[in-house]
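See structure below.
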Amino acid sequence: MRIAVVSLFPQMIHDALRIGVVGRALERGIFQIDCFDPRDYTDDIHRTVDDRPFGGGPGMVLKVEPMRSAVRDAVGVLPPGSRRVYLGADGRRFEQSMAREACAWPGLVLIAGRYEGVDERFIEQEIDEEWSIGDYVLSGGELPALVVIDAIARLMPGTLGSSESALQESFSDGLVDWPHYTRPQALEGRDVPAVLASGDHAAIARWRLQQALGRTWLRRPELLERRGMSDEERELLEEFKNERARQ
Ligand code: 9D3
């Protein structure tokens with residue numbers, strides 16, 4: 001897959017993507033990133049990319065022409081059928097299902113805003129979708145673009161090792177994680193749950209699913225609503241609630 005990023009801070013994108021599993025996937029050619037800086041598409045001596053908002057008020061607005069030229073060049077290096085996504089604070093909340101869908105697109109242009117945002121006519125003419133990564137105020141779309149790239153890159157075949165890949169799409173999908181433990185088995189009088197050291201793999205799998213269901217019920221009940229439960233899972237959760245009520 002080819003990803004293009006339109007950003008006034010291309011260094012921020014390149015530097016961050018050198019690190020970790022995503023950096024290794026890039027090195028191995030599993031996907032490709034190209035950055036397009038709107039400032040390179042200006043023709044005045046100051047290389048102006050922003051201007052004051054019509055109607056007045058604080059802050060600056062990204063001008064249409066440099067943004068449009070950068071996006072059109074980006075689209076030019078991507079295969080046909082690629083999609084253009086603007087990262088904006090008012091966009092649709094990015095979630096895992098969107099990463100899965102985007103993974104199947106031939107190419108993706110991510111456009112990072114800065115300042116108060118971009119002239120609305122640019123959105124209307126040049127953008128297919130608008131995504132946000134959550135309800136908090138950031139300084140621009142670069143960190144969101146990196147979040148989206150990370151989530152998509154992990155889904156590409158070959159990015160993760162086989163053991164990490166095996167963790168994806170398991171029965172515990174749509175649940176929060178179960179608790180993890182490592183050595184030492186006894187730590188200041190707090191032991192690792194006995195079942196995990198029992199060697200009984202069926203009992204361990206059952207305990208982990210029960211913990212995941214219980215923790216999802218406690219922390220993220222809306223996820224449980226969305227996912228639903230099998231009869232067996234309902235029983236495990238009831239047992240979790242009963243044990244919790246006795247403690
Ligand atoms: C405080 C300014 N806000 C006035 C109501 C609007 C605003 C403008 C520009 C808020 C944030 C930004 C910059 N943010 C992004 O470009 C952005 C973002 C975000 O802030 N949160 C979550 N996802 C994203 S994606 C792009």
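Numbering starts at 1 and runs along the sequence shown. Below, each value reflects all heavy atoms present in this structure, side chains not excepted, and no hydrogens, waters or symmetry copies. Just so you know, these numbers come straight off a predicted model, no measurement behind them. Ligands are counted one by one from 1 in listed order, and the atoms in each one are counted from 1 as well.
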- Report yes if some N/O of Val137 lies less than 3.5 Å from some N/O of ligand 1; otherwise report no. no
- Message: Between Thr42 and Asp44 (side chain of the first, backbone of the second, donor and acceptor by atom type, cut-off under 3.5 Å), is there such a pair?
- Response: no
- Message: Out of all atoms in ligand 1, which are within 4.0 Å of some heavy atom of Ser132? Include the element for each.
- Response: 22 (C), 23 (N)
- Task: Starting from atom 22 (C) of ligand 1, locate the nearest protein heavy atom and write down its residue, its atom name and how far away it is, to 0.1 Å.
- Result: Gly134 O, 3.2 Å
- Task: Hey, could you give me the CD/CG distance between Gln96 and Asp173, rounded to the nearest 0.5 Å?
- Result: 8.0 Å
- Message: For atom 8 (C) of ligand 1, which of the options Glu142, Arg114, Glu116 provides the nearest non-hydrogen atom?
- Response: Glu116
- Note on the structure: In ligand 1, the atoms that come under 4.0 Å of a heavy atom of Leu87 are 25 (S), 26 (C)
- Task: Evaluate the 4.0 Å heavy atom contact test for atom 24 (C) of ligand 1: does a protein atom fall under the cut-off?
- Result: yes
- Glu225 side, atom CD; Thr216 side, atom OG1 - distance, nearest 0.5 Å: 12.0 Å
- May I ask you to list the atoms of ligand 1 that are less than 4.0 angstrom from any heavy atom of Ile133? 22 (C), 23 (N)
- Message: Between Phe240 and Leu218, does the side chain to side chain contact (heavy atoms under 4.5 Å, CB included) criterion hold? Intermediate values first, please.
- Response: CA-CA 11 Å; Phe240 178 95; Leu218 286 169; 4.0 Å; yes
- Query: Rounded to the nearest 0.5 Å, how far does CZ of Arg219 lie from CG of Leu224?
  - Reply: 13.5 Å
- Message: Under 4.0 Å from a heavy atom of Gly141: which atoms of ligand 1 are those, numbered in the order shown and with their elements?
- Response: 16 (O), 26 (C)
- Near Arg83 CZ, under 6.0 Å, is it more than 12 heavy atoms from other residues, nucleotides or ligands? yes
- Is Pro193 close to Leu196 at the side-chain level, that is, under 4.5 Å between some pair of heavy atoms? yes
- Message: Measuring from non-hydrogen atoms of Tyr115 to any atom of ligand 1, is the shortest distance under 4.0 Å?
- Response: yes
- Given Tyr136, Tyr86, Phe94, which one has a non-hydrogen atom that is nearest to atom 19 (C) of ligand 1? Tyr136
- Option from Glu235, Glu239, Glu232 for which salt bridge (charged side-chain N to carboxylate O under 4.0 Å, His left out) with Arg206 holds: Glu239
- Does Gly117 come within less than 4.0 angstrom of ligand 1, counting non-hydrogen atoms of the residue? no
- State the atoms of ligand 1, each with its element, that fall below the 4.0 Å cut-off from a heavy-atom position in Gly88. 25 (S), 26 (C)
- Could Glu95 and Arg226 be called an ion pair, given the rule that one side-chain N must be under 4.0 Å from one carboxylate O? yes
- What protein heavy atom sits nearest atom 12 (C) of ligand 1, and how far away is it? Leu138 O, 3.7 Å
